[in-house]
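Structure first, then comments.
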2 protein chains.
Amino acid sequence: MKDVVSRCPIEETMRVLSGRWPTLLLYYLKDGTKRFSDLRRDNPTVSHRILALELRKLEDAGIVRRTAHPGYPLRVDYDLTGPGRRLVPLIDALGSWWVHTEDDRTGRSPISETNLDTAA
Amino acid sequence: MKDVVSRCPIEETMRVLSGRWPTLLLYYLKDGTKRFSDLRRDNPTVSHRILALELRKLEDAGIVRRTAHPGYPLRVDYDLTGPGRRLVPLIDALGSWWVHTEDDRTGRSPISETNLDTAA
DNA sequence: GGCTGGTTACAGAATTGTGCGTAATTTACA
DNA sequence: TGTAAATTACGCACAATTCTGTAACCAGCC
């Protein structure tokens with residue numbers, strides 16, 4: 001990718017949210033504070049390296065707050081910032097959009113007077 | 001919500017919207033019908049190949065409708081489907097989220113009353 | 001031959017995964 | 001009591017995989 005700094009906010013947002021993990025991490029973090037190992041447990045298919053990189057990316061974007069506790073064994077907490085929490089419902093909206101478009105994808109119309117299929 | 005598919009709808013949505021082009025194409029298509037060459041002109045940095053691939057992906061996702069007119073020279077129109085149009089405000093919301101988090105990113109207080117938030 | 005939309009073949013860039021190393025402290029065990 | 005190993009959250013080097021771009025080619029009518 002180039003070093004192009006886009007002025008389009010949508011592009012900027014997508015630069016952060018693109019990929020498989022960011023929205024998933026948001027999803028797990030909306031429950032509250034999680035530790036690195038918690039997040040790995042939540043999603044066993046992320047490699048530790050990628051998890052660290054993604055968390056760093058979200059931190060840089062101001063979505064996630066990283067809190068390192070001094071002492072050993074190491075302990076680091078992650079939770080959503082204000083912007084991060086405000087982002088959650090938007091992500092959820094995308095999720096429901098997908099669910100609703102299922103009707104369109106399967107060629108059915110959503111709940112209407114003409115349609116009384118056995119719903120899903 | 002039930003265990004509809006084995007995968008999360010947010011993940012499915014992001015699988016389609018991830019990357020640099022999908023949201024940009026949505027942005028250009030929300031004005032109305034466009035042809036392949038129009039979209040290339042709108043965004044000169046997409047390669048011919050990628051544009052075709054991305055449009056195909058959006059078509060498969062039910063976001064974009066492809067209409068090939070018979071006759072030569074070839075002519076193909078692209079426009080948003082119903083789901084595609086319903087997606088636009090959600091994308092816009094992500095854009096305004098980014099604009100509003102600017103305050104947080106730049107360390108300014110988000111207190112606003114005399115706040116002219118005109119998105120770019 | 002040129003126009004348009006699209007595809008294939010190959011190359012190079014970017015992203016992701018694997019495995020090893022590290023820190024200071026606790027526990028395991030002989 | 002001493003030594004080894006586990007723990008936790010990474011960083012680094014490297015391999016594998018995926019993504020993107022370039023260029024050429026196709027179709028069929030003017």
Side-chain angles (χ1 to χ4, degrees), chain A residues 1-6 8 11-26 28-29 32-61 63-80, chain B residues 7 11-26 28-29 32-61 63-80:
Chain A
M1 195 178 282
K2 317 253 173 88
D3 56 328
V4 183
V5 178
S6 152
C8 169
E11 228 179 314
E12 290 300 323
T13 305
M14 289 312 291
R15 194 197 305 285
V16 177
L17 295 185
S18 272
R20 185 176 172 189
W21 309 119
T23 49
L24 264 188
L25 295 180
L26 266 281
Y28 287 118
L29 282 172
T33 300
K34 297 259 183 156
R35 297 173 53 186
F36 190 83
S37 48
D38 292 329
L39 291 169
R40 287 218 68 187
R41 230 178 330 259
D42 285 335
N43 209 114
T45 63
V46 219
S47 70
H48 72 273
R49 196 177 84 94
I50 294 303
L51 181 56
L53 288 175
E54 294 291 333
L55 284 170
R56 171 79 65 112
K57 195 173 72 175
L58 292 175
E59 192 196 351
D60 290 344
I63 293 172
V64 157
R65 181 179 52 180
R66 200 185 95 106
T67 311
H69 301 276
Y72 291 79
L74 257 45
R75 210 193 122 175
V76 180
D77 283 340
Y78 291 94
D79 63 347
L80 295 181
Chain B
R7 229 179 262 92
E11 227 179 316
E12 291 298 324
T13 305
M14 290 312 291
R15 193 196 306 286
V16 177
L17 296 185
S18 272
R20 187 174 172 191
W21 309 120
T23 50
L24 263 189
L25 294 180
L26 265 282
Y28 287 119
L29 282 172
T33 300
K34 297 261 183 152
R35 295 174 53 185
F36 189 84
S37 48
D38 292 329
L39 291 168
R40 287 218 67 186
R41 219 167 300 118
D42 285 334
N43 208 115
T45 62
V46 217
S47 71
H48 189 84
R49 195 177 85 95
I50 295 300
L51 180 56
L53 289 176
E54 294 290 333
L55 284 170
R56 169 80 66 115
K57 195 173 73 173
L58 292 176
E59 191 197 351
D60 291 344
I63 292 171
V64 157
R65 180 179 51 180
R66 199 186 93 105
T67 311
H69 302 275
Y72 292 83
L74 255 48
R75 208 194 125 176
V76 180
D77 284 341
Y78 290 94
D79 63 346
L80 294 182

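Treat the numbers as computed from the prediction; the structure is a model and nothing was measured. To find a chain, count down the sequence lines: A is the first, B the second, and so on, and within it residues start at 1. These numbers come from the heavy atoms of this one structure, side chains and all, not from hydrogens, waters or symmetry mates.
Residue S37(A) is classed as a sugar-phosphate contact, given heavy-atom separations below 4.0 Å to backbone atoms only. Across all strands, R40(B) comes closer than 4.0 Å to no nucleic acid atom at all (heavy-atom distances). Among the atoms of the strands shown, only primed sugar atoms or phosphate atoms (P, OP1, OP2) are found under 4.0 Å from some heavy atom of R56(A).
Counting to the nearest Å, the P atom of dT20(D) and the CG atom of L55(B) are 14 Å from each other. Rounded to whole angstrom, the span from the CG atom of L74(A) across to the C1' atom of dT8(D) amounts to 5 Å. For the pair R20(B) CZ and dA13(C) P, the computed distance is 17 Å after rounding to whole Å. If you measure from atom CZ of R75(A) to atom P of dT26(C), you get 16 Å, rounded to the nearest angstrom. Nucleotide dT22(D) holds its C1' atom 14 Å from the CG atom of L53(B), rounded to whole Å. In this structure, CG of L51(B) is placed 18 Å from P of dC19(D), rounded to the nearest angstrom. The distance from atom NE2 of H69(B) to atom P of dA27(D) is 23 Å, rounded to the nearest whole Å. Between W21(B) atom CH2 and dT20(D) atom P the separation is 9 Å, expressed in whole Å.
Contact of R49(B) with dT8(C) (side chain to base): no donor-acceptor pair of N or O atoms is detected under 3.5 Å. Checked by distance alone, H48(A) brings a side-chain donor or acceptor within 3.5 Å of a matching partner on the base of dG11(D).
Listed pair R66(A) / dC10(D) meets the phosphate criterion, a side-chain N or O lying under 4.0 Å from OP1 or OP2. Taking only side-chain nitrogens and oxygens, R35(A) comes nearer than 4.0 Å to OP1 or OP2 of dA9(D).
Using a 4.0 Å cut-off between charged nitrogen and carboxylate oxygen, R41(A) and D38(A) count as a salt-bridge pair.
Between F36(B) and H48(B), the ring planes lie perpendicular to each other; the angle is over 60°, past the 30° to 60° tilted range.
Side-chain proximity of V76(A) to the nucleotides dT7(C), dT16(C), dC10(D) is greatest for dC10(D). Checking dT20(D), dT16(C), dG17(C) against every side-chain atom of E54(A), the shortest atom distance belongs to dT16(C). Among dA9(D), dG5(C), dC29(D), the nucleotide with an atom closest to any side-chain atom of Y78(B) is dG5(C).
Screening D42(B), L80(B), V64(B), V76(B) against K34(B) for a side chain to side chain contact (heavy atoms under 4.5 Å, CB included) leaves a single residue, D42(B). Checked against W21(B) for a side chain to side chain contact (heavy atoms under 4.5 Å, CB included), the options L55(B), L58(B), L51(B), T45(B) give a single hit: T45(B).
V16(B) has its side chain out of reach of D60(B): every pair of non-hydrogen atoms, C-beta onward, lies at least 4.5 Å apart.
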